[in-house]
Amino acid sequence: MRVQADRDTCVGAGMCALTAPDLFTQDEDEGLVLVLVADGTLSSDQVASAAEAARLCPSRAILTTDSDAEEGSPP
């Protein structure tokens with residue numbers, strides 16, 4: 001599974017960083033999401049945290065994608 005964040009959609013609520021601090025943070029200038037996983041590929045133990053962060057994101061800026069799928073959507 002892969003994770004990505006749409007910084008144009010992000011409203012800086014920070015739910016992702018609070019829910020999965022090993023996967024997400026917020027930049028200091030605008031408070032927008034930054035994905036900490038270099039290529040967005042999640043290990044099996046990170047999948048549940050990423051899915052929860054996507055579920056809690058109020059702007060739906062966090063996207064998880066099945067590695068075999070071309071496009072994904074928040075769970």
Side-chain angles (χ1 to χ4, degrees):
M1 181 172 275
R2 295 179 51 83
V3 65
Q4 62 188 82
D6 182 348
R7 289 176 50 88
D8 292 331
T9 302
C10 179
V11 295
M15 292 305 295
C16 56
L18 291 171
T19 303
D22 58 325
L23 302 178
F24 306 99
T25 190
Q26 294 172 275
D27 72 53
E28 292 183 21
D29 294 330
E30 299 176 293
L32 300 179
V33 62
L34 295 172
V35 177
L36 297 174
V37 180
D39 67 353
T41 302
L42 300 170
S43 65
S44 60
D45 60 335
Q46 294 172 319
V47 170
S49 294
E52 181 71 358
R55 187 182 71 77
L56 294 174
C57 178
S59 63
R60 303 291 185 216
I62 305 297
L63 304 173
T64 57
T65 308
D66 194 6
S67 296
D68 296 330
E70 290 185 22
E71 293 186 30
S73 61

Can you give the donor-acceptor pairs under 3.5 Å from side chains of residues 26-34 to other protein atoms, not counting sequence neighbours?
from	atom 1	to	atom 2	distance (Å)
Gln26	NE2	Gly12	O	3.1
Gln26	NE2	Gly31	O	2.7
Asp27	OD1	Asp29	N	3.1
Asp27	OD1	Glu30	N	2.5
Asp27	OD1	Gly31	N	3.0
Asp27	OD2	Arg7	NH1	3.0
Asp27	OD2	Arg7	NH2	2.8

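Between Ile62 and Val3 there is a side-chain heavy-atom pair separated by less than 4.5 Å. In this structure, Phe24 and Val35 have side chains that are in contact, with non-hydrogen atoms separated by less than 4.5 Å.
When every heavy atom of Ala53 is checked against every heavy atom of Thr19, the shortest pair comes out as N-CG2, 3.9 Å. Between Ala54 and Thr64, the shortest heavy-atom distance links the atoms CB-CG2, 4.4 Å. The nearest pair of heavy atoms linking Leu42 to Arg2 is CD1-C, 4.3 Å. Taking every heavy atom of both residues into account, Ser49 and Leu23 meet most closely at CB-CD1, 4.0 Å.
Every side chain to side chain contact (heavy atoms under 4.5 Å, CB included) that Ser59 has, sequence neighbours left out, goes to Thr9, Val11, Cys57, Ala61. With sequence neighbours left out, the side chain to side chain contact (heavy atoms under 4.5 Å, CB included) criterion links Gln4 to Leu63, Thr65.
Side chain of Arg60 to backbone of Arg55: a donor-acceptor contact under 3.5 angstrom is found.
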